[in-house]
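Nothing here was measured: the structure is a model prediction, and the numbers come from that model.
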Amino acid sequence: MLPHEVDVAIVGAGSAGCVLAAKLSAAEGRSVALLESGPGYSSVAGCPPELLDPGRLPVGPGAPFVRRYRGELRPSQVTEIVRGRALGGSGAVNGCYFIRGTSADFEGWPQELWSFSQVLPYFRALENDQDFGGEFHGSSGPIPVRRDSGYRLTPLSSEFYTACLDAGFVDEPDKNAPAATAGVGPVPSNIGDGRRISTAIGYLLPVLHRPNLAVNSNTTVTRVLFDADRAIGIDAVANGIARRILAGRIVLCAGAIETAALLMRSGIGDPEQLRSVGVPVVTALPGVGAGFFDHPEVGIPYRPTRVGAVDVPALQVVLNTDDVEFRPYTAPFAELVPGSGDVVQRLGVVLMRPRSRGSVRLQDSDPRTDVSVDYRYLEGESDRAAMHDAVLTGRRLLDDLIRRGVVDAVSPDYSDARFLEHLGTSQHLGGTCRMGRSAADGAVVDARCQVFGVTGLSVVDASIIPSPLRRGPHATIVMMAERAAELIVQEQF
Ligand SMILES: Cc1cc2nc3c(=O)[nH]c(=O)nc-3n(C[C@H](O)[C@H](O)[C@H](O)COP(=O)(O)OP(=O)(O)OC[C@H]3O[C@@H](n4cnc5c(N)ncnc54)[C@H](O)[C@@H]3O)c2cc1C
């Protein structure tokens with residue numbers, strides 16, 4: 001192996017990257033450099049308060065902790081998407097919904113390492129569940145998990161819960177139980193002492209004192225360097241100054257958009273596309289950036305009759321049916337996302353297992369140019385029909401809430417023909433570098449999270465999720481990072 005400055009360079013201090021940095025630096029003899037584009041902080045007291053407030057998502061206009069992208073949801077339907085850009089990444093700005101993927105979600109993952117029984121110990125290890133114990137829950141992990149119930153529910157959350165039970169949906173008090181498959185129940189949230197506990201707070205800050213761990217914020221990695229087919233280091237720009245770091249192993253945790261972009265700019269991707277933007281090909285992996293998924297969401301606008309409690313998370317209760325999630329947001333987005341000016345309150349109706357797939361593509365080879373993000377949402381008839389049916393179910397639930405007096409109007413312009421005008425995204429983008437058996441199937445990393453065709457390079461973040469999860473991805477991504485850290489230390493480097 002070539003001489004190197006650090007044993008491991010981790011690119012991106014987001015939900016996955018902070019876990020990897022804490023786990024991989026646990027061995028004193030292993031040096032770890034964590035590189036993050038966004039700003040840093042070294043204590044909870046020094047953390048920007050917006051990143052700790054569990055009731056607000058600091059992603060509105062002008063918010064300094066996000067990178068924004070233009071996303072095309074459907075032809076001629078464009079939206080702005082955001083990713084967190086600070087220590088903690090998107091997990092530092094998100095809605096604190098922290099539900100595990102269901103056991104069925106893992107059936108398509110490589111079973112020798114990622115079956116549900118294999119991953120359950122890592123779900124347990126990451127959490128300190130305040131409400132449930134026993135063999136399926138952890139009580140000493142870095143991420144506190146709690147649920148709102150009883151008097152802490154807003155009138156809308158409480159009545160929605162009751163309305164779902166009255167409509168015959170199953171009560172699901174613990175949505176993180178392995179048997180949880182469908183039903184209505186409280187949302188587990190990663191909130192402790194009234195704060196959003198991102199992986200930066202839970203994992204990274206407690207180990208910042210380690211001499212073998214260097215955290216470099218305001219540092220953007222621009223490409224991975226190779227010696228033949230071995231990754232040997234990275235180029236970065238740190239506070240405006242170019243830097244080169246040679247590393248024994250590189251782990252990309254830059255999130256589903258930027259990890260794919262970084263691989264492509266470094267010469268790993270679809271050869272035709274790389275050549276079209278002038279990037280020399282290192283390894284042909286057509287799966288990079290191709291076939292991503294997200295959760296399409298239609299918001300049904302309504303007006304609640306009573307104002308809810310302040311200081312509650314965006315979601316207290318959700319209903320899951322087979323492949324749909326119904327989300328009664330606790331407040332208008334103007335409150336949840338400061339600066340958004342969006343005064344409408346909505347019931348989110350979300351397809352959790354859509355068939356449509358999107359792509360992330362380079363527009364040129366310049367790291368400063370945004371990639372194009374093309375969702376192709378509801379492209380097939382089956383997704384459109386599934387969304388249409390789900391919206392009708394959502395309407396029926398809202399009609400019931402009107403009868404119960406908690407909602408006094410549902411937007412009148414809301415008709416079958418127009419529901420697509422209310423289409424948005426849950427911001428759960430994943431699968432741009434999927435884990436799988438072989439590159440020939442479109443996979444980019446193997447079951448040990450190593451990029452096919454090169455050595456010394458791993459990916460651990462939302463990119464490698466093999467197929468859409470039936471729940472939001474955050475808890476699963478933290479688990480993946482816990483699991484992957486063990487796999488990575490077993491490698492020779
Ligand atoms: C607004 C919003 C709300 C959400 N709400 C929820 C929710 O409530 N529940 C849920 O389950 N999921 C939610 N999600 C999704 C979830 O938060 C993300 O899927 C998850 O945090 C992604 O983790 P990650 O490690 O893949 O990437 P990220 O957490 O996004 O981390 C990537 C990090 O890499 C850094 N980076 C990127 N490029 C570079 C580079 N070139 N060099 C150096 N650093 C780089 C970024 O700045 C960032 O810090 C939400 C997402 C968003 C954006």
Side-chain angles (χ1 to χ4, degrees), residues 8 10-24 34 83-84 88-91 94 97-127 138 141-143 145 176 178 188 190 198-200 202-204 249-260 292-295 428-437 443-451 457-491:
V8 192
I10 299 170
V11 181
S15 299
C18 290
V19 180
L20 265 300
K23 292 276 160 189
L24 295 181
L34 177 63
R83 302 284 100 184
S90 301
N94 76 9
Y97 158 128
F98 202 75
I99 309 185
R100 298 172 177 176
T102 68
S103 52
D105 283 329
F106 295 93
E107 285 168 7
W109 296 43
Q111 292 298 289
E112 67 280 16
L113 292 171
W114 297 91
S115 66
F116 186 71
S117 61
Q118 295 260 1
V119 302
L120 183 57
Y122 300 90
F123 273 127
R124 292 187 61 206
L126 70 85
E127 72 176 10
I143 305 291
V145 176
N176 280 342
N190 51 310
S198 66
T199 56
Y203 281 84
L204 188 66
R249 172 161 291 272
I250 293 144
V251 186
L252 301 185
C253 303
I257 297 176
E258 290 303 322
T259 285
F292 81 70
F293 39 79
D294 200 331
H295 292 142
H428 291 170
L429 209 152
T432 50
C433 306
R434 290 183 304 285
M435 182 197 297
R437 300 237 165 267
V444 173
V445 300
D446 64 18
R448 306 186 75 81
C449 307
Q450 305 201 59
V451 177
L457 183 61
S458 308
V459 177
V460 184
D461 61 19
S463 322
I464 67 171
I465 300 173
S467 53
L469 299 169
R470 289 172 178 79
R471 303 290 182 268
H474 196 211
T476 299
I477 292 166
V478 180
M479 175 283 292
M480 283 165 47
E482 280 262 359
R483 175 87 184 105
E486 270 191 21
L487 299 174
I488 287 171
V489 296
Q490 289 164 5
E491 304 300 322

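If you take CD1 on I10 and CG on D461, they are separated by 12.0 Å, rounding to the nearest 0.5 Å. Summarising the geometry, atom NE2 belonging to H295 is positioned 9.5 Å from atom CZ belonging to R470; distances are rounded to the nearest 0.5 Å. Taking CG of L20 as the reference point, atom CD1 of I488 lies at 5.0 Å (rounded to 0.5 Å). Note that CD1 of I143 and CZ of F123 are 13.0 Å apart. Values are rounded to the nearest 0.5 Å. For the atom pair SG (C433) and CZ (F292), the distance works out to 12.0 Å, reported to the nearest 0.5 Å. Rounding to the nearest 0.5 Å places CG of L457 at 9.0 Å from CD of Q450.
Residues D105 and R100 form no side-chain contact, since every pair of their non-hydrogen atoms from C-beta on lies 4.5 Å or further apart. Looking at S90 and N94, their side chains never come closer than 4.5 Å, going by heavy atoms from C-beta outward. Looking only at side-chain heavy atoms (C-beta outward), I465 and W109 come within less than 4.5 Å of each other. Using a 4.5 Å heavy-atom threshold, the side chains of V451 and L252 count as separate.
A distance-only check finds no donor-acceptor pair linking the side chain of H428 to the backbone of R471 [under 3.5 Å]. Of the possible donor and acceptor atoms, none in the side chain of E107 sits under 3.5 Å from a partner among the backbone N and O of S103. At distances below 3.5 Å, not a single donor-acceptor pair connects side-chain atoms of S198 with backbone N or O atoms of G91. Side-chain N or O atoms of T476 include one that pairs as donor or acceptor with a backbone N or O of G101 at under 3.5 Å.
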Salt bridge (charged side-chain N to carboxylate O under 4.0 Å, His left out) for R83 and E258? Distances and angles first, verdict last.
CA-CA 10 Å; R83 302 284 100 184; E258 290 303 322; over 6 Å; no
I257 and L429: side-chain contact (heavy atoms from CB on, under 4.5 Å), yes or no, with the steps?
CA-CA 8 Å; I257 297 176; L429 209 152; 4.1 Å; yes
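Using a 30° and 60° split on the angle between ring planes, H474 and F98 fall in the perpendicular class, above 60°.
For the residue pair R249 and S458, a side-chain donor N or O sits within less than 3.5 Å of a side-chain acceptor on the partner.
The side chain to side chain contact (heavy atoms under 4.5 Å, CB included) search around A484 returns C449, V460, not counting sequence neighbours.
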